[in-house]
Amino acid sequence: MKILVLGAGGFIGCHLTHRLLQERHAVTAVDLDMDKIADSLNDPNLSFLQQDIRSAEWDLDKRVQDADLVIDLIAYANPGLYLIMPLEVFRLNFTENLKIAEACVRHGKRLIQFSTCEVYGRTAASLKNANLADPEDPIHATFSEDTSEFILGPVSKHRWIYSCAKQLLERVLHAYGLEMGFNYTIVRPFNFIGPKIDFLLHEKQGIPRVFSFFMDALLNGTQMKLVDGGTNRRCYTYIEDGIECTNRIVENPGGVCDRQILNIGSPQNEISICRMAELMREIFAEKFRDLAVRLPDIVSVTGEEFYGKGYDDSNRRIPDIAKVRTLLNWEPRTGIREILETTMRYYVSEYRRNGGSRVPATA
Ligand code: UDP
């Protein structure tokens with residue numbers, strides 16, 4: 001197949017492009033950045049365009065016309081950015097993505113649109129007057145594609161602009177499906193993690209996700225900071241498991257993914273951010289002891305101190321993966337400890353390769 005991958009230089013995009021090339025597809029990959037995709041650039045089946053899709057010379061229609069399938073991963077998807085540039089988060093994640101979807105509608109192309117588990121927002125158990133008999137029951141935090149309600153915070157908590165932009169995009173794709181027979185699949189990834197997830201602090205501009213903050217602290221002996229005590233929980237999904245599922249969506253046997261919204265995630269990997277900090281510290285001490293001058297302290301900071309005004313958070317989110325199990329016979333394979341160890345090993349080896357020297361504890 002001829003596949004147009006938009007956002008191929010990001011975390012999910014680079015792993016997906018690698019896999020699509022292994023599957024012998026002809027890939028046109030588009031991104032602003034090529035660092036993460038560097039090891040695929042020599043593949044004869046890859047054509048890479050270093051391109052900002054917001055620029056005037058970007059010929060969206062031609063690229064979409066040339067493809068059999070379009071996969072759109074273009075997004076600002078790091079929570080730190082929702083706080084400091086909410087307007088650009090809205091413009092890229094909604095306005096620019098809508099143009100891509102509408103080009104697919106015009107040219108009758110199938111679109112795989114990456115969305116987010118952030119659309120689900122908070123859990124019912126987090127509401128003040130929830131009065132649930134057992135608020136800890138995972139049933140209250142398990143989100144299903146076609147039945148769960150979305151619970152977002154007030155407008156003044158502008159973290160939710162990302163969730164809301166993605167939700168609106170999903171609703172528009174659904175409407176194009178209803179009114180014009182548009183063929184899309186929406187993917188909601190639940191915290192994919194693995195090598196290349198983010199650049200560490202100071203390496204590149206941008207605000208990474210929690211794994212990279214913690215990894216940076218371990219390598220540099222600085223504090224691991226728990227936002228509001230680190231009580232929020234996430235279900236981490238190993239990138240290779242996520243890519244395996246995405247590849248099955250690309251193959252779309254018998255059209256089972258047509259006009260479907262699909263969660264991809266690992267419900268068994270739920271962990272609080274606090275426990276994740278401890279586990280990463282344990283793994284670092286056990287496996288990378290030669291780098292450990294002194295293990296970092298784990299401290300608590302408020303959300304506002306860490307992110308600034310407008311911070312709010314999704315407290316807990318567990319994917320219901322019955323749909324991908326049934327439609328695609330997919331099952332996540334990798335447990336949380338293995339995920340963290342493999343990802344940490346990647347960052348440690350990059351750190352060594354770059355001749356990094358760790359700040360001694362006494363400095
Ligand atoms: N977080 C933290 N310390 C950090 C960075 C993030 O405690 O150094 C928390 C953050 O408040 C959130 C969770 O970790 O509750 C996951 O945040 P992340 O940025 O990885 O992305 P999210 O899962 O919210 O999309």
Side-chain angles (χ1 to χ4, degrees), residues 79 82 115-164 166-168 170-171 174 186-193 209-210 226-238 241-242 245 260-279 298 300-304 306-307 310-327 330-337 339-340:
Y82 319 156
S115 183
T116 174
C117 60
E118 283 257 332
V119 294
Y120 295 112
R122 306 183 60 87
T123 66
S126 74
L127 299 177
K128 276 197 191 85
N129 303 313
N131 291 327
L132 302 170
D134 178 9
E136 276 300 298
D137 187 334
I139 195 96
H140 303 305
T142 302
F143 294 119
S144 309
E145 299 92 332
D146 303 318
T147 51
S148 291
E149 314 288 343
F150 297 161
I151 306 176
L152 307 188
V155 170
S156 58
K157 302 287 186 191
H158 55 269
R159 180 224 169 82
W160 297 113
I161 196 161
Y162 170 71
S163 165
C164 201
K166 287 289 202 181
Q167 185 198 136
L168 185 56
E170 288 194 10
R171 291 190 188 275
H174 177 73
I186 291 168
V187 175
R188 293 184 186 151
F190 279 68
N191 285 85
F192 285 11
I193 184 173
R209 281 156 282 208
V210 66
L226 299 178
V227 172
D228 296 331
T231 53
N232 292 326
R233 284 170 272 188
R234 297 289 187 264
C235 288
Y236 285 97
T237 308
Y238 191 49
D241 288 336
C245 190
Q260 293 291 344
I261 302 180
L262 300 172
N263 288 341
I264 304 180
S266 296
Q268 80 286 4
N269 279 349
E270 191 180 34
I271 189 167
S272 71
I273 301 303
C274 172
R275 177 64 197 130
M276 179 163 148
E278 289 165 0
L279 188 54
I298 300 178
S300 191
V301 296
T302 67
E304 202 160 306
F306 193 82
Y307 288 105
Y311 172 75
D312 195 3
D313 212 340
S314 160
N315 56 313
R316 193 178 179 195
R317 52 194 188 212
I318 304 170
D320 172 358
I321 55 169
K323 271 180 93 175
V324 280
R325 276 188 174 128
T326 313
L327 297 177
W330 175 81
E331 197 63 45
R333 307 240 164 260
T334 321
I336 186 68
R337 195 184 170 96
I339 291 177
L340 291 176

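The minimum heavy-atom distance linking Arg337 with Leu279 is given by the pair NH1-CD1, 3.4 Å. Across every non-hydrogen atom of Pro267 and Pro332, the tightest pair is CD-CG, 4.5 Å. Of all the heavy atoms in Pro135 and Leu132, the pair that sits closest is CD-O, 3.6 Å. Between Tyr82 and Ile161 the shortest heavy-atom distance is O-CG2, 4.4 Å.
For the salt bridge (Lys or Arg N to Asp or Glu O under 4.0 Å) test, residues two or more places apart in sequence or in another chain that qualify with Asp312 are Arg122. Contacts of Glu149 classified as salt bridge (Lys or Arg N to Asp or Glu O under 4.0 Å), with partners at least two apart in sequence or in another chain: none.
In this structure, Arg188 fails the cation-pi test against Phe143, since its NZ or CZ atom is not both closer than 6.0 Å to the six-membered ring centre and inside 45 degrees of the ring normal.
Side-chain N or O atoms of Asp320 include none that pairs as donor or acceptor with a backbone N or O of Thr142 at under 3.5 Å.
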Report task. Could you go through the side-chain contact (heavy atoms from CB on, under 4.5 Å) check for Arg234 and Ser314 one step at a time? Result -> CA-CA 9 Å; Arg234 297 289 187 264; Ser314 160; 4.0 Å; yes

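Residues Ile298 and Leu226 are in side-chain contact: their nearest non-hydrogen atoms beyond the backbone lie under 4.5 Å apart. Side-chain contact check for Ile264 versus Trp330: some heavy-atom pair is nearer than 4.5 Å. You'll find the side chain of Asp228 reaches within 4.5 Å of the side chain of Thr302, heavy atoms only. In this structure, the side chains of Arg209 and Pro79 come closer than 4.5 Å at one or more pairs of heavy atoms. Contact check for Arg159 versus Glu118: side-chain heavy atoms found under the 4.5 Å cut-off. For the pair Ile186/Glu145, no side-chain contact is recorded, criterion being any heavy-atom separation below 4.5 Å from C-beta on.
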